[in-house]
Number of protein chains: 2
Amino acid sequence: MSDYYTPSQVSERFGISLDTLRYYEREGLLSPVERAPSGHRRYRRGDVELLDLIRCLRDTDMPIATLRSFAELVRAGDPTIPDRVELLQRHDDQLTARIATLIERRAAIKHKIDYYRGVIGAAEEDERAASETVARA
Amino acid sequence: MSDYYTPSQVSERFGISLDTLRYYEREGLLSPVERAPSGHRRYRRGDVELLDLIRCLRDTDMPIATLRSFAELVRAGDPTIPDRVELLQRHDDQLTARIATLIERRAAIKHKIDYYRGVIGAAEEDERAASETVARA
DNA sequence: ATGCCACCTGGAGCGCACTCCAGGTCAAGC
DNA sequence: GCTTGACCTGGAGTGCGCTCCAGGTGGCAT
C-alpha cells in the first residue's frame, strides 16, 4: 500500500537478484532510482512498470544494449514513441522468426525421438521372439 | 559425390565456422574425425548426420555439456538408446515450455505496441483538431 | 551500547560459447 | 624450386550477462 518498493520487494517480484537490479540501473536500463535519506533505493510505480517491460523484452532475448536504447527513448519522452514502436516491432519480428525456427527444430527432435522409439520397439520384438524360441526349445 | 566432406564443405553446409567445428570436436561433441595423410580432416557421412542433430539441439539452446553427454551416449552404442530418448525428451519438454513463454511474452509486447500506436493515433487526432481550429480562426 | 539487518559502493570474477592468432605443414600449380 | 591455399596445432582472447565480494552506513530492537 506504500507508494514505493524496496529493492528486495522488486527483486522478489520479478525474480531478479539485487545485483542484477543494480546492474540494470548502471547499464542505463533504469534511470537513477530515487533514494531514501539512508541512501537505500526506493522504486516508484514507474520504475516497476518499466522493469516489467524490460523483463519481458529480456526474457525474449533482447540484448542489454538494445534495451538501453529503448530506455533512452523512454527517457526522451513522448515524441520518441514512434521510434519505440519501431524498435519493438523489429524485436517482435525477430521473436516471431525465432519462435518459428524453434518449432521447426522441435519437430525434428520429436522425429528423432520417434525414430529411437521405433528402434527400441523393434529390439523388444526381437527379444520376445528370441525368448519364444528358447521356450520352444 | 565423394564419400567424405572437407572442413570447409561442412562449415558451409551448416553455417558453422571452422573454429567452431574444431571446438565441437575438442569438446567431445564429435568423436575424433578421420584424417587424410596430410592431417586434414575428412568428415564422413556419419559425422555429418550427427552434426545435423547437434546443430538442431544447439539451435534450441541445448548447452554444450548436455550435448557432450548425448554424444557420449551415441558413442556407447545401441544399448544407450533409451537414455538418449530420455535426454531428448527432457530437452523437448524444456523447449516446449520455452516456446510457450516466448509466445506469451510476444503477446505482451504486441499489446505494448498497440498501446503506443493508440497514443500516436490520439496525438494525430489532436493535431488535426488543432489545425482545424486554426483554419476556423 | 550492541547487534543485526537491509542496503550501499566500486570493482573483480565467472561461465559460456565461441573466436582469433601465430606459426607450421602438405599438395598442387606455375 | 616457390608460392599459394587449405588446413593444422595449442593456447590466448572476446563479449555477454550477470554474480560475487570486501568493506562500509543508517536505523531499529534489545
Side-chain angles (χ1 to χ4, degrees), chain A residues 2 4-44 47-48 51 53-71 91 94 98 101-102 105, chain B residues 2 4-44 47-48 51 53-71 91 94 98 101-102 105:
Chain A
S2 58
Y4 65 82
Y5 303 85
T6 65
S8 57
Q9 280 168 344
V10 176
S11 159
E12 185 156 348
R13 169 154 175 183
F14 292 109
I16 288 176
S17 75
L18 295 174
D19 271 317
T20 300
L21 224 39
R22 287 189 285 257
Y23 167 70
Y24 283 177
E25 192 178 337
R26 267 203 308 283
E27 292 300 312
L29 272 45
L30 261 51
S31 23
V33 173
E34 252 184 272
R35 302 304 181 101
S38 63
H40 291 197
R41 284 174 181 78
R42 241 92 249 226
Y43 292 88
R44 294 283 170 186
D47 297 318
V48 170
L51 217 33
L53 181 52
I54 284 173
R55 271 261 313 154
C56 184
L57 296 172
R58 200 57 212 104
D59 278 358
T60 52
D61 303 315
M62 181 179 283
I64 298 294
T66 311
L67 242 4
R68 177 167 38 237
S69 305
F70 183 77
H91 180 63
Q94 289 169 21
R98 175 84 181 130
T101 71
L102 287 182
R105 300 297 192 237
Chain B
S2 58
Y4 64 83
Y5 304 84
T6 65
S8 58
Q9 282 169 344
V10 176
S11 159
E12 186 156 347
R13 170 153 175 183
F14 292 110
I16 287 176
S17 75
L18 295 174
D19 271 317
T20 301
L21 224 38
R22 287 190 284 257
Y23 166 70
Y24 282 178
E25 192 178 336
R26 266 204 308 283
E27 292 299 313
L29 272 45
L30 261 51
S31 22
V33 174
E34 250 184 273
R35 301 303 180 100
S38 65
H40 290 196
R41 285 174 180 78
R42 242 93 245 231
Y43 291 88
R44 296 282 170 186
D47 296 320
V48 170
L51 216 33
L53 182 52
I54 285 172
R55 268 256 316 153
C56 184
L57 296 172
R58 200 56 213 101
D59 279 359
T60 52
D61 303 315
M62 181 179 283
I64 299 294
T66 311
L67 242 4
R68 178 168 36 239
S69 306
F70 182 77
H91 181 63
Q94 288 170 22
R98 174 82 181 131
T101 72
L102 287 182
R105 300 298 192 236

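Scope of the values below: all heavy atoms of this structure, side chains included, with no hydrogens, waters or symmetry mates. Order of the sequence lines fixes the chain letters, A, B, ..., with proteins taken first and strands second; residue numbering starts at 1 for each chain.
Note on Arg42(A): nothing from the nucleic acid sits closer than 4.0 angstrom, heavy atoms only. Arg41(B) comes within 4.0 angstrom of the backbone, heavy atoms only, and of no base. Looking at heavy-atom distances under 4.0 Å, Arg35(A) makes contact with sugar-phosphate atoms alone, never a base.
The side chain of Ser8(B) approaches dA6(D) more closely than any other nucleotide in the set dC18(D), dA6(D), dC8(D). The side chain of His40(A) has dA6(C) as its nearest neighbour among dA6(C), dA17(C), dG11(D). Comparing dA17(C), dC8(C), dG17(D) against the side chain of Pro63(A) picks out dG17(D) as the nearest. Picking from dC18(D), dA17(C), dC7(D) the nucleotide with the shortest atom distance to the side chain of Ile64(A) gives dC18(D). When distances run from any side-chain atom of Ser38(B) to the nucleotides dT9(C), dA27(C), dG11(D), the shortest one goes to dA27(C).
At least one side-chain heavy atom of Leu102(B) sits less than 4.5 Å from a side-chain heavy atom of Arg98(B). At least one side-chain heavy atom of Val48(B) sits less than 4.5 Å from a side-chain heavy atom of Phe14(B).
Residue-to-nucleotide contacts include no donor-acceptor pair under 3.5 Å from the side chain of Asp19(B) to the base of dC18(C).
Between Arg22(B) and dT9(D), a side-chain N or O to OP1/OP2 separation shorter than 4.0 Å is absent. Proximity of Thr6(A) to the phosphate of dC7(C): a side-chain N or O atom is located under 4.0 Å from OP1 or OP2. Between dC20(D) and Tyr23(A), no contact under 4.0 Å exists linking OP1 or OP2 to a side-chain N or O. Residue Arg26(B) has no polar side-chain atom (N or O) positioned under 4.0 Å from OP1 or OP2 of dT9(D). For dG17(D), neither phosphate oxygen OP1 nor OP2 lies less than 4.0 angstrom from any side-chain nitrogen or oxygen of Thr20(A).
Regarding Tyr4(A), its OH atom lies at a distance of 15 Å from the P atom of dA6(C), rounded to whole Å. When rounded to the nearest whole Å, the span between CD1 of Ile54(B) and C1' of dA17(C) equals 14 Å.
A donor atom on one side chain and an acceptor atom on the other are not found under 3.5 Å apart for Thr66(A) and His91(A).
Asp59(B) meets the salt bridge (Lys or Arg N to Asp or Glu O under 4.0 Å) test with Arg105(A), Arg55(B); sequence neighbours excluded.
Under the 4.0 Å criterion applied to side-chain N and carboxylate O atoms, Asp19(B) and Arg22(B) are assigned as salt-bridge partners.
Between Gly39(A) and Gln9(B), the residue anchored closer to the 5' end of DNA chain D is Gln9(B), taking for each the nucleotide with the nearest heavy atom.
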